[in-house]
Amino acid sequence: MIYLGIGDGGSAEARYPQLCDAPTQIRSSIIRIDPAGRNSKNGKYGIVAANAWAKDADQNTLGEVYARGFRNPNKITWAADGTMLASDIGYTMVEELNIVKPGLDYGWPEREGTFVLNFAGKKSAIYNLPARDHKYTYAVAQYDHDEGNAISGGFVYEGKIAQLKGKYIFGDIVKGRMFYLEYKDLKLGQQAQIKEFDLQFNGLPNKFIDLVKNPKADMRLDLGENNTIYIWAKTDGKIWEVKDCIAN
């Protein structure tokens, strides 16, 4: 199957939040399709019968949708045990990581992380969750805009660097910081603790944002062959290979 993360297209900020949370809309969703199938409306791909919105017997809803309620699900990955993880870039204050399960709603545009948003009111404000709130599924890790401004989604590392094994490794696109958490600590209904790496380039301590000499680091990271970790930025065009990790 092919999974695609679809953002909200700026609908909530433009005062059309209803476009982000309607079963007739593809916005703010992760979709799952069968590239070998032909039962879509245009006959060029397949709608997976097990998708929650394909089973509701409503022809107006989009059967392609696997899960809803994301602002910008920019990176989807799977742990070795099959758990699906998706990072979601926030708007007002919170960047988040989610365990994605089929048929669940992760809250956007009424929620950002574990906070309430009200786009009919003050867009720049967030509020505490109401008591006994069970309407949405919430992030399993989050950080606010004091730490970074746009999560750069990562992966659970299972390569040769012993200190990194079993960690979900990710970063922040804007501030160029690199974070991690223990994958075993990720549980629905809880918040895992996020920690930060100190970085060295060519053996010398440095901050990534200072290295690229740009106010926006534009950091990205991913795995290559043999689970090699690479870090790069659009700002300077360089690709860095992670060689080791040492506990401090």
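It should be emphasised that the depicted structure is a prediction, and the values quoted were computed from it without experimental measurement.
- The two atoms that bring Ile30 and Gly5 nearest to each other are CG1-CA, 4.3 Å, heavy atoms only.
- Once rounded to the nearest 0.5 Å, the distance linking CG of Leu85 with CD1 of Ile76 reads 10.5 Å.
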Derivation and outcome, side chain to side chain contact (heavy atoms under 4.5 Å, CB included), residues Asn206 and Gln200: CA-CA 6 Å; Asn206 207 340; Gln200 294 187 16; over 6 Å; no
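- Counting heavy atoms from C-beta on, the side chains of Cys245 and Phe197 come closer than 4.5 Å.
- A donor-acceptor pair under 3.5 Å is formed between the side chain of Asn39 and the backbone N or O of Ile47.
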Candidate pair Arg68 and Ser29, rule side chain to side chain donor-acceptor pair (under 3.5 Å), full reasoning: CA-CA 4 Å; Arg68 306 196 64 88; Ser29 70; 5.3 Å; no
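- The backbone N or O of Lys44 sits less than 3.5 Å from a side-chain atom of Asn42, completing a donor-acceptor pair.
- Glu182 has a carboxylate O that lies under 4.0 Å from a charged side-chain N of Lys167, or vice versa, which qualifies the two as a salt bridge.
- Among all heavy-atom pairs drawn from Ile26 and Leu62, the shortest one is N-CD1, 3.3 Å.
- Linking ILVMFWY residues whenever their side-chain heavy atoms come closer than 4.5 Å, directly or via other members, leaves Ile239 and Leu221 in distinct clusters.
- Within 6.0 Å of CD in Glu241 there are more than 12 heavy atoms belonging to other residues, nucleotides or ligands.
- Results of the salt bridge (Lys or Arg N to Asp or Glu O under 4.0 Å) test with Arg71 over Glu112, Glu13, Glu96 single out Glu13 as the only residue that passes.
- The side-chain heavy atoms of Phe179 and Phe170, taken from C-beta on, include a pair separated by under 4.5 Å.
- Remark: Gln190 CD is packed, more than 12 non-hydrogen atoms of other residues, nucleotides or ligands lying under 6.0 Å away.
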Stepwise side chain to side chain contact (heavy atoms under 4.5 Å, CB included) test for Glu110 and Lys135: CA-CA 10 Å; Glu110 293 188 358; Lys135 188 176 181 180; 3.2 Å; yes
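- A distance of 12.0 Å separates CG of Asn118 from NZ of Lys123, quoted to the nearest 0.5 Å.
- Between Asn227 and Tyr157, some side-chain heavy-atom pair lies under the 4.5 Å cut-off.
- Within the 4.5 Å cutoff, side-chain heavy atoms of Ile173 are placed close to those of Arg220.
- Contact annotation: the side chain of Asp88 never approaches that of Ile151 to less than 4.5 Å [non-hydrogen atoms, C-beta and beyond].
- With 3.5 Å as the limit, one finds a donor-acceptor pair spanning the side chains of Asn248 and Asp198.
- Salt bridge annotation for Asp21-Arg27: absent, with no cationic side-chain nitrogen under 4.0 angstrom from a carboxylate oxygen.
- The minimum heavy-atom distance linking Pro109 with Leu117 is given by the pair O-CB, 3.6 Å.
- Judged by distance alone, the side chain of Ser28 and the main-chain N or O of Gly69 form no donor-acceptor pair under 3.5 Å.
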Evaluation steps, side chain to side chain donor-acceptor pair (under 3.5 Å), between Asp56 and Thr61: CA-CA 8 Å; Asp56 64 1; Thr61 61; 2.8 Å; yes
Intermediate values then yes/no, side chain to side chain donor-acceptor pair (under 3.5 Å), Gln191 and Thr114: CA-CA 10 Å; Gln191 290 286 306; Thr114 54; 5.0 Å; no
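- Of the possible polar contacts, none joining the Lys122 side chain to the Phe119 backbone as a donor-acceptor pair under 3.5 Å is found.
- Closest of all the heavy-atom pairs between Cys20 and Ala12 is SG-N, 3.9 Å.
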Check against ring pair (Phe, Tyr, Trp, His ring centres under 6.0 Å), Phe201 and Trp240: CA-CA 8 Å; Phe201 297 88; Trp240 294 88; 4.9 Å; yes
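- Defined by atom type and a distance below 3.5 Å, a donor-acceptor pair is present between the side-chain atoms of Thr83 and Asp81.
- For Asp218 (side chain) and Thr235 (main-chain N/O), no donor-acceptor pair under 3.5 Å exists by modelled atom type.
- Between Tyr3 and Tyr66, the ring-plane angle classifies as perpendicular under the 30° and 60° cut-offs.
- Around OH of Tyr16, the count of heavy atoms belonging to other residues, nucleotides or ligands within 6.0 Å does not exceed 12.
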Test log, rule side chain to side chain donor-acceptor pair (under 3.5 Å), inputs Tyr45 and Glu64: CA-CA 10 Å; Tyr45 61 88; Glu64 293 92 335; 2.5 Å; yes
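- Between the CG atom of Asn74 and the CD1 atom of Ile89 there is a distance of 4.0 Å, given to the nearest 0.5 Å.
- Once rounded to the nearest 0.5 Å, the distance linking CE of Met219 with CE of Met178 reads 6.5 Å.
- Of the listed residues (Trp108, Tyr91, Tyr106), just one forms a ring pair (Phe, Tyr, Trp, His ring centres under 6.0 Å) with Phe70, and that residue is Tyr106.
- Between the Asp172 side chain and the Lys175 main chain, a donor and an acceptor come within less than 3.5 Å of each other.
- Considering all non-hydrogen atoms of both residues, Ala139 and Gln142 come closest at CB-OE1, 4.5 Å.
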Full working for side chain to side chain contact (heavy atoms under 4.5 Å, CB included) between Leu4 and Ile2: CA-CA 7 Å; Leu4 299 170; Ile2 291 178; 4.0 Å; yes
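- Proximity of Asn51 to Val65: side-chain heavy atoms (C-beta onward) are nowhere separated by under 4.5 Å.
- Closest non-hydrogen pair, Leu97 versus Ser87, comes out as CD1-N, 4.1 Å.
- No option in Val140, Leu181, Ile194 other than Leu181 meets the side chain to side chain contact (heavy atoms under 4.5 Å, CB included) test with Tyr168.
- Atom-to-atom distance recorded for Thr137:OG1 and Ile99:CD1 is 10.5 Å, nearest 0.5 angstrom.
- With values rounded to the nearest 0.5 angstrom, Thr228 atom OG1 is found 8.0 Å from Leu223 atom CG.
- Contact check for Phe115 versus Arg111: no side-chain heavy atoms found under the 4.5 Å cut-off.
- With contacts defined as side-chain heavy-atom distances shorter than 4.5 Å, the pair Tyr138/Leu188 does not qualify.
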Verdict with supporting geometry, Asp222 and Tyr230, side chain to side chain contact (heavy atoms under 4.5 Å, CB included): CA-CA 6 Å; Asp222 216 327; Tyr230 294 100; over 6 Å; no
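- Within a 6.0 Å radius of NZ in Lys243, other residues, nucleotides and ligands contribute 12 heavy atoms or fewer.
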